[in-house]
Colleague: 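Okay, handing you the structure first.
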Amino acid sequence: MIVVVNERKVEVDERTTVAALLETLGYPNRGVAVAMDDALLPRSRWDATLSDGARLEVLTAVQGG
């Protein structure tokens, strides 16, 4: 099935969770925020499996000045 992550189509297995997808794509364990289908997804729900066509926006915190 296909999900969209930051405007990029990604093929995933139907058992893939949000957390597993983030790990596969190389996102860090900390400093990450996820919105799925235009709603903020709390870290406590990252064990949710993805559905076909889900749209995710992933933001990472950046330090600097």
Side-chain angles (χ1 to χ4, degrees):
M1 76 183 171
I2 301 292
V3 299
V4 179
V5 180
N6 293 351
E7 308 281 331
R8 186 176 118 211
K9 291 181 181 180
V10 179
E11 187 169 347
V12 297
D13 183 273
E14 66 270 357
R15 296 172 302 217
T16 302
T17 64
V18 173
L21 175 64
L22 295 176
E23 183 178 332
T24 299
L25 295 176
Y27 285 99
N29 289 331
R30 300 178 56 93
V32 176
V34 177
M36 184 163 61
D37 297 327
D38 297 322
L40 184 62
L41 189 66
R43 188 176 290 271
S44 62
R45 297 208 37 233
W46 286 11
D47 61 347
T49 54
L50 296 163
S51 59
D52 190 38
R55 299 185 65 80
L56 289 91
E57 292 294 325
V58 182
L59 304 172
T60 56
V62 177
Q63 283 185 301

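Bear in mind the structure is a predicted one, so any value in this text is a computation, not a measurement. Atom set for the values below is all heavy atoms of this structure, side chains included, hydrogens, waters and symmetry mates excluded. Counting from 1, the numbers follow the sequence of the chain as shown.
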Colleague: Determine whether Asp52 and Ile2 make a side-chain contact, defined as any pair of heavy atoms from C-beta on separated by less than 4.5 Å.
Modeller: yes

Colleague: Would you kindly confirm whether Leu21 and Val32 end up in one hydrophobic cluster when ILVMFWY residues are joined by side chain heavy atoms under 4.5 Å apart?
Modeller: yes

Colleague: Return the set of residues passing side chain to side chain contact (heavy atoms under 4.5 Å, CB included) with Arg8 (not counting sequence neighbours), or none when no residue passes.
Modeller: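 So Arg8 forms a side chain to side chain contact (heavy atoms under 4.5 Å, CB included) with Val10, Leu25.
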
Colleague: Using modelled atom types and a 3.5 Å cut-off, is there a donor and acceptor pairing between side-chain atoms of Thr17 and backbone atoms of Ala20?
Modeller: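 Side chain of Thr17 to backbone of Ala20: a pair is present.
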
Colleague: Is the shortest side-chain heavy-atom distance between Thr16 and Met1 below 4.5 Å?
Modeller: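 No. Closest side-chain heavy atoms not under 4.5 Å.
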
Colleague: Which heavy atom of Trp46 sits nearest to which heavy atom of Leu22, and what is that distance?
Modeller: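 Closest approach of Trp46 to Leu22, heavy atoms only: CZ3-CD1, 3.6 Å.
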
Colleague: Would the number of heavy atoms belonging to other residues, nucleotides or ligands and lying under 6.0 Å from CG of Asp38 be above 12?
Modeller: no

Colleague: How about CZ on Arg43, more than 12 heavy atoms from neighbouring residues, nucleotides or ligands closer than 6.0 Å, or not?
Modeller: yes

Colleague: Please report the shortest heavy-atom distance between Gly53 and Asp37, naming the atom on each side.
Modeller: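 In terms of heavy atoms, the two residues are closest at O-OD1, 4.5 Å.
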
Colleague: Looking at Val18, Val4, Asn6, which hits side-chain contact (heavy atoms from CB on, under 4.5 Å) with Leu56?
Modeller: Val18

